[in-house]
Amino acid sequence: MSLPAGMQASNHKKDYLCRMSTILKSPQGSFTIMNELVLPNDTNTLNNLMGGRLLHWMDIAAAISAQKHCNNIVVTASVDNVSFRHAIKLGDVITIEAKVTRAFSTSMEVRLDVWAENIPSGTRVRSNEAYYTFVAIDANGKTVPVPEILPESEPEKKLFDGALRRRQLRLVLAGKMKAHDATELKALFLNQEGL
Ligand SMILES: CC(=O)SCCNC(=O)CCNC(=O)[C@H](O)C(C)(C)COP(=O)(O)OP(=O)(O)OC[C@H]1O[C@@H](n2cnc3c(N)ncnc32)[C@H](O)[C@@H]1OP(=O)(O)O
């Protein structure tokens with residue numbers, strides 16, 4: 001993990017890490033809305049939005065959200081649980097909402113919700129959801145600590161709680177955590193609670 005210039009000495013380093021871990025930011029501070037219009041170059045031969053184009057737009061919205069939370073450069077570490085409920089048609093207007101659910105040491109989970117709107121007909125459907133994980137890095141690509149999050153509303157608290165289990169699942173599947181260390185995830189299967 002890298003620290004800003006002047007924070008390398010051990011006392012300064014301790015102070016800096018302590019300060020970052022005690023900065024509490026609201027999820028609302030990272031809230032991001034992005035709109036896109038589905039044009040012919042975004043669609044397949046059925047005039048449906050290509051999934052990859054949507055994932056690209058979601059990545060940008062989520063990265064902006066993560067940057068707002070940590071005020072730093074971020075990189076995408078993982079993309080999970082992307083649902084495609086409805087095909088999105090040529091001419092639809094996409095609304096992507098992104099918000100950080102929880103921050104860990106250097107990583108942040110961002111929840112995305114996507115709506116597709118046909119303005120002439122006045123229809124709007126919820127089309128996609130996903131969780132993206134970002135890691136804050138410095139100009140040399142070294143990871144840097146991020147501020148903590150203090151959830152306020154009930155939905156934010158629910159997403160905050162679930163984020164720990166989702167993190168354990170993605171790290172176990174990525175081979176970055178041993179299954180027996182995923183305590184909260186294991187409890188989920190024993191207690192039968194929702195993710
Ligand atoms: C916005 C964009 O599109 S950026 C372009 C696409 N993304 C990239 O190019 C990123 C390329 N990957 C990387 O740079 C690195 O793999 C990184 C920075 C993501 C992780 O680097 P690592 O050396 O594995 O770092 P390390 O093991 O110390 O982990 C750092 C953090 O990343 C998290 N992390 C690592 N791998 C994953 C993963 N597969 N899924 C989720 N989180 C992960 C760790 O949990 C850790 O988080 P924490 O500090 O909050 O506990």
Side-chain angles (χ1 to χ4, degrees), residues 1-3 17 20-21 23-34 51-85 94-114 126-153 155-189 193-195:
M1 188 187 296
S2 130
L3 299 168
L17 291 175
M20 284 312 275
S21 65
I23 295 174
L24 287 172
K25 293 181 81 173
S26 148
Q28 198 55 32
S30 67
F31 184 57
T32 300
I33 301 186
M34 194 168 113
R53 186 61 56 99
L54 180 63
L55 293 176
H56 168 69
W57 290 336
M58 290 165 81
D59 191 33
I60 293 171
I64 294 170
S65 173
Q67 284 194 1
K68 281 188 189 177
H69 176 72
C70 67
N71 299 108
N72 217 319
I73 304 166
V74 298
V75 290
T76 317
S78 76
V79 174
D80 309 286
N81 302 24
V82 186
S83 66
F84 289 89
R85 293 189 193 197
I94 305 299
T95 301
I96 302 172
E97 292 189 0
K99 193 153 78 167
V100 175
T101 61
R102 187 158 178 164
F104 298 93
S105 300
T106 65
S107 66
M108 297 147 281
E109 183 193 73
V110 178
R111 157 91 187 193
L112 291 129
D113 291 282
V114 183
R126 189 188 175 86
S127 53
N128 310 79
E129 293 114 31
Y131 293 97
Y132 281 48
T133 302
F134 290 84
V135 176
I137 57 161
D138 66 12
N140 298 314
K142 292 265 188 300
T143 58
V144 292
V146 295
E148 286 189 22
I149 247 186
L150 183 64
E152 288 159 354
S153 65
E156 286 171 359
K157 286 177 188 165
K158 201 165 176 235
L159 285 167
F160 179 90
D161 289 343
L164 188 57
R165 296 188 287 267
R166 289 188 297 274
R167 168 186 158 91
Q168 291 175 352
L169 180 59
R170 73 174 66 93
L171 291 179
V172 168
L173 292 176
K176 299 222 155 198
M177 179 183 266
K178 292 198 168 70
H180 76 259
D181 291 334
T183 315
E184 285 78 11
L185 181 62
K186 282 193 293 188
L188 169 77
F189 290 102
E193 286 171 16
L195 255 179

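In this text, all values refer to a predicted model and were calculated from it rather than measured experimentally. Just the heavy atoms: all of them, side chains too, but no hydrogens, waters or symmetry mates, feed the values below.
Atom OG1 of Thr95 sits about 10.5 Å away from atom CE of Met34, to the nearest 0.5 Å. Distance CG/Leu171 to CG/Leu185: 10.5 Å, rounded to 0.5 Å. Summarising the geometry, atom CD belonging to Gln28 is positioned 10.5 Å from atom CD1 belonging to Ile149; distances are rounded to the nearest 0.5 Å. Atom OH in Tyr132 sits 10.0 Å away from atom OG in Ser78 (nearest 0.5 Å). To the nearest 0.5 Å, the span separating CD1 on Ile137 from CG on Asn72 amounts to 8.0 Å. Here the CD1-OG distance, from Ile96 to Ser127, works out to 8.5 Å after rounding to the nearest 0.5 Å.
Here the closest non-hydrogen pair linking Thr106 and Val146 is O-CG1, 3.8 Å.
Here Glu97 pairs with nothing under the side-chain hydrogen bond (donor to acceptor under 3.5 Å, both in side chains) rule; sequence neighbours left out. Looking at residues two or more places apart in sequence or on another chain, you find no salt bridge (charged side-chain N to carboxylate O under 4.0 Å, His left out) involving Asp181. With sequence neighbours left out, the salt bridge (charged side-chain N to carboxylate O under 4.0 Å, His left out) criterion links Arg126 to Asp113, Glu129. With sequence neighbours excluded, the residues that form a salt bridge (charged side-chain N to carboxylate O under 4.0 Å, His left out) with Lys157 are Glu154.
Between Thr101 and Arg166 the shortest side-chain heavy-atom distance falls below 4.5 Å. Between Ile94 and Val114 the shortest side-chain heavy-atom distance falls below 4.5 Å. Here the side chains of Val135 and Ser107 are in contact, with some heavy-atom distance below 4.5 Å.
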Which donor-acceptor pairs under 3.5 Å do the side chains of residues 53-69 make with protein atoms, sequence neighbours left out?
from  : atom 1 : to     : atom 2 : distance (Å)
Arg53 : NH1    : Asp42  : OD1    : 2.5
Asp59 : OD1    : Thr76  : OG1    : 2.8
Ser65 : OG     : Ser30  : O      : 2.8
Lys68 : NZ     : Phe31  : O      : 2.7
Lys68 : NZ     : Thr32  : OG1    : 3.4
His69 : NE2    : Pro147 : O      : 2.7

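A donor-acceptor contact shorter than 3.5 Å links the side chain of Gln168 to the backbone of Glu184.
Within a 6.0 Å sphere centred on NZ of Lys158, other residues, nucleotides and ligands contribute 12 heavy atoms or fewer.
Under the salt bridge (Lys or Arg N to Asp or Glu O under 4.0 Å) criterion, the residue pairs touching residues 69-80 are Asp80-Arg170, with sequence neighbours excluded.
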